[in-house]
Amino acid sequence: MIGLWKKQDLLAFIIALIGIWLLPTMISTYTLTILVIYGMLGLSLGLIWGFGGILCFGQAAFFGLGAYTYAIAAINIGESTVPMLLAILVPGVFATLFGAMMFYGHLTDVYLGVITLVVTLILFKFINSTAGPQYAIGHARLGGFNGIPGFHTLNVPGRTDIFIWGDTLYYVCALALLVVFFFVTWLLRTSFGRIAIGIRENETRISLMGYDVRARKTILFAIGAAIAGLAGALFANWGEIVTPGLFSLQQNAEVIIWCIVGGLGTRFGPIIGAAGLAYLKFLLGQQTLIDNAIIMGLILVIFVLFLPKGLVPATTSLWQSIYDRWPVRRSGSRRRTRSRSATHHA
Amino acid sequence: MDLFFVIFVEILYGIASLALISIGLAVVFGMMKVINLAHGEFMMLGGYATITAVNLGINVFVAMLIIAPLLVGVIGLLVERLVIRHLYGRLVDTMLATWGLSLFFIGIVTMIFGNTTTSITTPIRGFAVGNYQINGYNFFIIFMACLLLIAIYAVLKITRLGLIARGTMQSADIAASLGYNSDHIYMVTFFCGASLTGLAGAIFAPLVGLVPTSGSAYMAEAFITVVAGGPSLIIGLLSGATAFGAINQIVTFTSSAVLGEVAILVAAVIILRLIPKGITSRFFKGKM
């Protein structure tokens, strides 16, 4: 267990703590909270797509599912600890069943994309049509396109009268992202994670080695969904309302754009892509000259055409090549730039 | 008897409209193996072109059948030259790039026309069958769907151009070694796909209130029809449209329109789970 951790993890941990501490001096914590939440959502897709090779066009479905689960459970239970756990559990279980249906049917790339997209659309259309009072779970009315407002937000476990909001919510979300990040780091270094990367590289070879590819992909898919569910629950606490827009195509597209821009096959890439683009969108939202969608669309097209590996891998390899060309190189062979086939989908 | 006739026409209409929505995507996906996620936005652009032209005083059928297809075809041409040309053979990357394009078009149209609903009146009047009223425009849609399917079949099967196109899609290298420029053929095919999509969007324009985001509704339906249809272009399109169109109309009649849409999506998931490569990968193999 100890052997799995490396020196740079400590460095990442310290930098992250300093970042969490310093960022509120530059950006308001209200905005930062949503950036952190989107970072977690980006990381969830980055895990299953970048490391597992599963192109899920419906990551927003799990995000929305987590948010709705939290809202419905919070109204019925009246506190936040159990709803939080449910918001992780329900998308996880849903993804296990859904993933098992797909992976045991040997669905790959485009067909997987179609099905995940279609399931998101089903959820979107269904939730959108539940405006009538007959659609209720316990005391919670689903509310159709108006969404569910007015649920019990995050409180200190065991004390339903002390709410976590404002600055405190930011720190809670940031710490949650840190925990998720190190969980993903740990997962990728276990044999499970290494085999998942192997499946991404060559599924047939791994299955011929005797590993059950279908079960492993299902589990990875479920873990990604659970993380997205947690992000959804935090989003519900931040926004204090959940709407069907969480399941929309727009939301789906954005998660994918974050991952492409940040860089697939890295852990930092999707987080940086998500937070960066969400902040850009926030800045763009303050002007009315150019529509947001134009910029987002152009960014996606340009990255696919010119920088398909994303920002983080591109910067790393740039840095690496500068380091290599440095005249006073230490003795030893030329450092090889590890070319990750991040955008490789066989 | 009247009810039976009305239901029959509605089912036919459901099938025809799905076929019409998917036809451009089927040409592009079936022949070039490119999934164009901006398909819905091409339809939306066709619709806006029609409405703008009609508001400028041009005859509705001229706007619908000539202006919209040409305009969207030219936009498609630009898209192919600038973006898609560089991504042939990279299925997932083309999906992502065209998704970006779809956002881009939504943004542009929102800026030009605003985020409001625009519409024109239906050019063909309805008539009564016994106690029921039928929309006369439904027959126009059924007619256009049949016409386009027959036209595509004829072009591909009879003309020399169709033969060259089919040959290039089967093996671009061999077509190139026989002296045909596959780059140009891809370009022309994409132009045809885009104009067909624009035409479909124009035909649907009088039926819907158009907003910049209305493309996404078409996109999902076209996408599942084509993918569930499978590798054969025309038979695949017909079988996908028949399956989903019939399911949609039957569920809509017995419950509600929303459930009808959900039923299509559920059916798509089941079909793709059972036959992942589409209906025509198992039935009607090798047909066009």
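By convention in this document, chain letters (A, B, ...) are assigned in the order of the sequence lines, proteins followed by strands, and residues within each chain are numbered from 1. In what follows, every heavy atom counts, from backbone to side chain, and hydrogens, waters and symmetry copies are set aside.
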**Asked** With only heavy atoms counted, which part of B/L37 is less than 4.5 Å from chain A, the side chain, the backbone, both or neither?
**Response** side chain

**Message:** Can you tell me which portion of B/T110 sits under 4.5 Å from chain A's heavy atoms? Options are side chain, backbone, both or neither.
**Reply:** side chain

**Asked** In this structure, are over 12 heavy atoms from other groups packed under 6.0 Å from B/R282 atom CZ?
**Response** no

Expected list for residues 296-304 of chain A: side-chain donor-acceptor pairs under 3.5 angstrom, two or more places apart:
none

**Message:** If I take atom CG from residue B/L96 and atom CG from residue A/L55, how far apart are they, to the nearest 0.5 angstrom?
**Reply:** 6.5 Å

**Request:** Can you tell which part of B/L272 gets under 4.5 Å to a heavy atom of chain A, answering side chain, backbone, both or neither?
**Result:** both

**Request:** Can you establish whether the number of heavy atoms outside A/F145 located under 6.0 Å from its atom CZ is more than 12?
**Result:** no

**Request:** Name, in order of residue number, those residues of residues 254-269 of chain B that have a heavy atom at a distance of less than 4.5 Å from a heavy atom in chain A; otherwise write 'none'.
**Result:** B/V258, B/E261, B/V262, B/L265, B/V266, B/V269

**Request:** Could you tell me whether the side chain of A/N292 reaches within less than 4.5 Å of the side chain of B/L103, counting heavy atoms only?
**Result:** no

**Fill in**
Those residues of residues 248-257 of chain A that come under 4.5 Å of chain B on a heavy-atom basis, listed by number, are A/L249, A/Q250, A/N252, A/A253, A/I256, A/I257

**Message:** Can you pull out every salt bridge (Lys or Arg N to Asp or Glu O under 4.0 Å) where at least one residue sits in residues 209-224 of chain B? Sequence neighbours excluded, please.
**Reply:** none

**Message:** Using a 4.5 angstrom heavy-atom cutoff, name the option from B/H86, B/R273, B/M95 with the most pairs to chain A.
**Reply:** B/R273

**Asked** Given a strict heavy-atom distance threshold of 4.5 Å, which part of A/L107 is in contact with chain B: side chain, backbone, both, or neither?
**Response** side chain

**B/F223 CZ to A/L121 CG distance, which is reported to the nearest 0.5 Å** = 10.5 Å

**Prompt:** Is the CZ atom of A/R205 crowded by more than 12 outside heavy atoms at less than 6.0 Å?
**Reply:** no

**Request:** Check whether more than 12 heavy atoms from other residues, nucleotides or ligands sit under 6.0 Å from atom CD of B/Q170, and answer yes or no.
**Result:** no

**Message:** I'd like to know which of B/I108, B/T98, B/I106 tops the heavy-atom pair count under 4.5 Å against chain A.
**Reply:** B/I108

